[in-house]
Protein chains: 2
Amino acid sequence: MHDVAALAGVSHQTVSRVLNDFEGIRPETRERVLAAIEELGYRRNLAARALVTGQTQTIGMIGPVVPDIGPLSTLHALERSARAVGLHTMMTSTEPEPAAVRQALEFLLGRGIDALALAAQHREIIAAVEDLDPGIPVVHLLTGGTPAGASASIDQVEGARLAMQHLLDLGHTRIQHVAGPQSYTEARLRADAYRQIMAERGLESLPIVEGDWTADSGFHAADALVADATAVFCGNDQMAFGLLHHLTEKGIVVPRDMSLVGFDDTGEARHSVPPLTTVRQDFAAVGQLAVDLLAAQLGRGVAPAVQILEPEFVARYTTAAPRS
Amino acid sequence: MHDVAALAGVSHQTVSRVLNDFEGIRPETRERVLAAIEELGYRRNLAARALVTGQTQTIGMIGPVVPDIGPLSTLHALERSARAVGLHTMMTSTEPEPAAVRQALEFLLGRGIDALALAAQHREIIAAVEDLDPGIPVVHLLTGGTPAGASASIDQVEGARLAMQHLLDLGHTRIQHVAGPQSYTEARLRADAYRQIMAERGLESLPIVEGDWTADSGFHAADALVADATAVFCGNDQMAFGLLHHLTEKGIVVPRDMSLVGFDDTGEARHSVPPLTTVRQDFAAVGQLAVDLLAAQLGRGVAPAVQILEPEFVARYTTAAPRS
DNA sequence: CGCCACGGGGTGAACGTTAACGCAAGCCCC
DNA sequence: GGGGCTTGCGTTAACGTTCACCCCGTGGCG
């Protein structure tokens, strides 16, 4: 910086002023400084800057340990959006145990982050972070529920309603739900919504089969379905794929003998055999929303009004009217 | 730090020594310092540390803009491994254009990174980074080819050989290849290996159909297959799913009428209908390997001998002998 | 003609850490 | 018994920014 100042014939402070877009700099001076910066290939040292300002311009992200495409997509989009407004991101992951969460948080805090994006929907992780109180703005990602603080989510209840409505409209009454792990807020919200909607229609809720999001667990869930179920609302696409596989293997034809609705609309959903009817979640939009929220809290830009995005129903070929 | 020093009755330098595991500290003094740190909840300021050492203990990662589960898994694993040795990671992504790559690199360099992990297999990105010469250790991820510098990869030629060998052993001679975009080194390696192996057997290489990794492109590739092909070696699982979908829709039964081999072994491969025969790549292991490589270059630990991991063939139910 | 306000820019200190060096006490050895 | 060496710790000066404050010239006004 001193070299730049010397070359431009000004003081280091003026260089700093130019860099930080301060007013009260004569255009010609600014040009000289900019030219000197260009010529020397000068790059501002962010460590020194962070030292004196106490801010790192960095958003810390806590993700799940299992590389799920959903949360990962959100985080990926968050990074892009953050970069667009000059913020950096730093990501780490944690197991859902208080000690591990604490360690992950300490890791990020130790590195210096100005805000935290929590993409771990596990209840224990959320609780642990709340407990630790990081002392910086926090936004919860994809929890889908009622936000304690700021949160960027997709409306899970509405998503479940879209899926269920479709099955009900087709005439199904014996609808079963294959849920994700109930330790995940989103899984619980979908399961609750399932029960709620069945009750609203005066229908009997069938036992909820709990999977672990993987296609494998969906495969095994097929064995746990009640005999007279005619449709299954799956907590995510992966489990739907596993279920579809097992049903097909058993000679149960989808959608003739059984209707199936997934959740997420992953890239493969369009090309399963048959293509999966599902509910689309725009994970990337959640990342963008989170950055808007955080940027506002960091004093840049204004907070968006909407914090809950709407899911979208995608009709394909795994649903049909029940056989009478 | 001064507060800690005061409480422990030592100088700040001694605190620093304890923090950095220097020798020549009396155990009892170290205990006093540690106790003071604990009591005050002191956390070292990494910005100040980076300022004076010129090192950030951070690995920068450049990933693709499209959130593919493969590279993302690798990056995710890289983060975990890095954290285990006390390194941080910072990720960004870039389009495959020199200007964008430059910007991404500047972004990371500006933030201060000690090493770079390049998880963008696009040739243009690799070239651009090489061109810019970041001046820090670089490791290429998943390029699968001959490493210019350090690289952590899975042997693509061997993977292709496993897939092809299987089809050849079944008696196929009219084998076609649906490749990924040839701008990706790995796609090109697989395609080259396909041609090479066909030639070795004295078989005619069929026209290579180029997709874009997505299931959609695999779906469309079905229209471009030659009439008498009896087997397809797909560049990845996603395209195989799309292909499988289209073939099934056309009434072509897999594997009776057509054999199909994928690549990657994604979580869904086990549960397609029928389950996909494929070649497994251990993406997480690549991330771990990359950290080992980088840590060695950063002066911690010793570099692993192996830089190329072996893929593994996974036999499922999309392949059979050709109908005679 | 003198004073003041203000635009434009410079000066020194401070942020929290590590590196380089200094220094005292104790020990060994001839 | 004194000189050198080791052990254990303290002192001072950086690192590259930004912040708070000061200073100088110029123009307007009474």
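Naming convention: chains lettered A, B, ... in sequence-line order (proteins, then strands); numbering from 1 in each chain.
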So, is [X] close to the [N] phosphate, meaning a side-chain N or O under 4.0 Å from OP1 or OP2?
{"X": "A:Arg44", "N": "D:dT18", "result": "yes"}
{"X": "A:Arg26", "N": "C:dG8", "result": "no"}
{"X": "A:Thr29", "N": "C:dG9", "result": "yes"}
{"X": "B:Ser16", "N": "C:dT18", "result": "yes"}
{"X": "B:Asn45", "N": "C:dC15", "result": "no"}
{"X": "B:Ser11", "N": "D:dT11", "result": "no"}

Evaluate the ring planes of B:His2 and B:His12, with Trp represented by its six-membered ring, and classify them as parallel (under 30°), tilted (30 to 60°) or perpendicular (over 60°).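 If you compare the ring of B:His2 with that of B:His12, the planes turn out tilted.
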Base, sugar-phosphate alone, or nothing: which one does [X] contact when heavy atoms must sit under 4.0 Å apart?
{"X": "A:Ile25", "result": "sugar-phosphate"}
{"X": "A:Arg17", "result": "base"}
{"X": "A:Thr14", "result": "sugar-phosphate"}

Between [X] and [Y]: side-chain donor-acceptor atoms closer than 3.5 Å:
{"X": "B:Glu79", "Y": "A:Thr92", "result": "yes"}
{"X": "B:Gln121", "Y": "B:Thr185", "result": "no"}
{"X": "A:Arg111", "Y": "A:Thr58", "result": "no"}

If I take atom [atom1] in residue [X] and atom [atom2] in nucleotide [N], what distance separates them, rounded to the nearest angstrom?
{"X": "B:Asn20", "N": "D:dG8", "atom1": "CG", "atom2": "P", "value": "18 Å"}
{"X": "B:Arg32", "N": "D:dG8", "atom1": "CZ", "atom2": "P", "value": "14 Å"}
{"X": "B:Leu51", "N": "D:dT18", "atom1": "CG", "atom2": "P", "value": "12 Å"}
{"X": "B:Phe22", "N": "C:dA19", "atom1": "CZ", "atom2": "C1'", "value": "8 Å"}
{"X": "A:Leu19", "N": "D:dT18", "atom1": "CG", "atom2": "P", "value": "6 Å"}
{"X": "A:Gln55", "N": "C:dG16", "atom1": "CD", "atom2": "P", "value": "14 Å"}
{"X": "B:Asp3", "N": "C:dG16", "atom1": "CG", "atom2": "P", "value": "9 Å"}
{"X": "A:Glu31", "N": "C:dG9", "atom1": "CD", "atom2": "P", "value": "13 Å"}

With nearest nucleotides of DNA chain C determined for B:Gln13 and A:Val10 from heavy-atom distances, which residue corresponds to the more 5′ nucleotide?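 Counting from the 5' end, the first nearest nucleotide belongs to A:Val10.
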Take B:Leu87 and B:Leu298, measure what side-chain contact (heavy atoms from CB on, under 4.5 Å) needs, and give me the verdict at the end. CA-CA 10 Å; B:Leu87 290 169; B:Leu298 258 33; 4.3 Å; yes
Is there a donor and acceptor pair closer than 3.5 Å between the side chain of A:His12 and the base of D:dT18?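 Flag set: donor-acceptor pair detected.
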Tell me which of B:Gly9 and B:Ala48 sits closer to the 5' end of DNA chain D, going by the nucleotide each one is nearest to.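 The residue closer to the strand's 5' end, by nearest nucleotide, is B:Gly9.
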